[in-house]
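One structure is given below, encoded as structure tokens.
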Amino acid sequence: MVYTLLFEIWEDPDRHSFEWSAVSEQGDELRKKVFPNSVLRHTFRAKSDVEAGQMNYDWHGWGAYDPGPFPERFVTSEDVAVQERYLAVRNLG
């Protein structure tokens, strides 16, 4: 079975910068502290960190993503369960 996670790309208009990551409680809390005026720009699903990196690059039009020497990490059923529990109670406001 192939598992996927929901990823988001956020833009901080004050700093003209972007942040992307899998949706998580820790990620949301950090973004709200560091970039409180961020705006959600794009969402996508990916089955691994490398696929997510390429999808982020594709959205920005940056070409090929290079993950470096690190092995590809695939999404597990546990990753999906944790994210689904958080999404059930998440409030973007």
Side-chain angles (χ1 to χ4, degrees):
M1 176 173 245
V2 176
Y3 300 103
T4 64
L5 288 179
L6 179 64
F7 288 78
E8 296 176 332
I9 300 173
W10 290 79
E11 179 182 12
D12 179 353
D14 299 332
R15 294 177 178 89
H16 306 289
S17 64
F18 291 88
E19 178 269 328
W20 70 277
S21 66
V23 174
S24 70
E25 183 174 9
Q26 297 82 5
D28 281 352
E29 288 174 2
L30 180 61
R31 186 188 64 260
K32 288 174 184 177
K33 286 179 186 175
V34 177
F35 306 114
N37 296 323
S38 291
V39 179
L40 179 62
R41 295 296 185 204
H42 184 64
T43 62
F44 60 91
R45 290 195 163 274
K47 66 182 180 216
S48 72
D49 57 347
V50 173
E51 182 180 52
Q54 184 60 58
M55 293 174 90
N56 177 52
Y57 266 48
D58 289 346
W59 186 79
H60 287 284
W62 293 341
Y65 173 72
D66 179 4
F70 305 103
E72 187 168 12
R73 183 187 177 284
F74 289 89
V75 175
T76 67
S77 60
E78 184 178 330
D79 297 330
V80 172
V82 169
Q83 188 179 72
E84 286 179 351
R85 282 192 299 274
Y86 177 60
L87 286 170
V89 297
R90 184 185 196 204
N91 178 358
L92 288 176

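Side chains included, hydrogens not; waters and symmetry mates left out as well; all remaining heavy atoms used.
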**Asked** Should Phe7 and Trp20 be marked as a side chain to side chain contact (heavy atoms under 4.5 Å, CB included) after you check the CA-CA gap, both sets of side-chain angles, and the distance that decides it?
**Response** CA-CA 7 Å; Phe7 288 78; Trp20 70 277; 3.9 Å; yes

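- The minimum heavy-atom distance linking Val34 with Arg15 is given by the pair O-NH1, 3.4 Å.
- Salt bridge status for Arg85 with Glu78: absent, with no side-chain N to carboxylate O gap under 4.0 Å.
- Looking at Gln54, its side chain does come within 3.5 Å of a backbone N or O of Gly63 through a donor-acceptor pair.
- Relative orientation of the Phe18 and His60 rings is perpendicular, given thresholds of 30° and 60° on the angle between their planes.
- Separating the OG1 atom in Thr43 from the CD atom in Glu8 is a distance of 7.0 Å, to the nearest 0.5 Å.
- Smallest separation of non-hydrogen atoms from Asp49 and Tyr65: O-CE2, 4.5 Å.
- A salt bridge is defined here as a Lys NZ or Arg NE, NH1 or NH2 lying under 4.0 Å from an Asp or Glu carboxylate O, and Asp28 with Lys33 fails to meet this definition.
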**Request:** Show your working on side chain to side chain contact (heavy atoms under 4.5 Å, CB included) between Trp10 and Arg31 and close with a plain yes or no.
**Result:** CA-CA 9 Å; Trp10 290 79; Arg31 186 188 64 260; 3.3 Å; yes

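- Residues forming a side-chain contact (heavy atoms from CB on, under 4.5 Å) with Gln83 (at least two apart in sequence, or on another chain): Leu5, Leu6, Ala22, Val23, Arg45, Leu87.
- The closest side-chain donor-acceptor pair between Ser48 and Glu72 falls under 3.5 angstrom.
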**side chain to side chain contact (heavy atoms under 4.5 Å, CB included) assessment of Asp58 paired with Phe44** = CA-CA 11 Å; Asp58 289 346; Phe44 60 91; over 6 Å; no

**Message:** Evaluate Arg73 against Asp79 for side chain to side chain contact (heavy atoms under 4.5 Å, CB included), listing each step before the verdict.
**Reply:** CA-CA 11 Å; Arg73 183 187 177 284; Asp79 297 330; 3.0 Å; yes

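- Considering all non-hydrogen atoms of both residues, Tyr3 and Val75 come closest at O-CB, 3.6 Å.
- Cluster annotation: Met55 and Ile9 are assigned to the same hydrophobic cluster (Ile/Leu/Val/Met/Phe/Trp/Tyr, side-chain heavy-atom contacts under 4.5 Å, transitive).
- Looking at every heavy atom in both residues, Ser38 comes nearest to Pro13 through CA-CD, 4.3 Å.
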**Request:** Run the numbers on Ser17 and Glu19 for side-chain hydrogen bond (donor to acceptor under 3.5 Å, both in side chains), then give the verdict.
**Result:** CA-CA 7 Å; Ser17 64; Glu19 178 269 328; over 6 Å; no

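- Linking ILVMFWY side-chain heavy atoms closer than 4.5 Å, directly or via other members, places Phe74 and Met1 in two distinct hydrophobic clusters.
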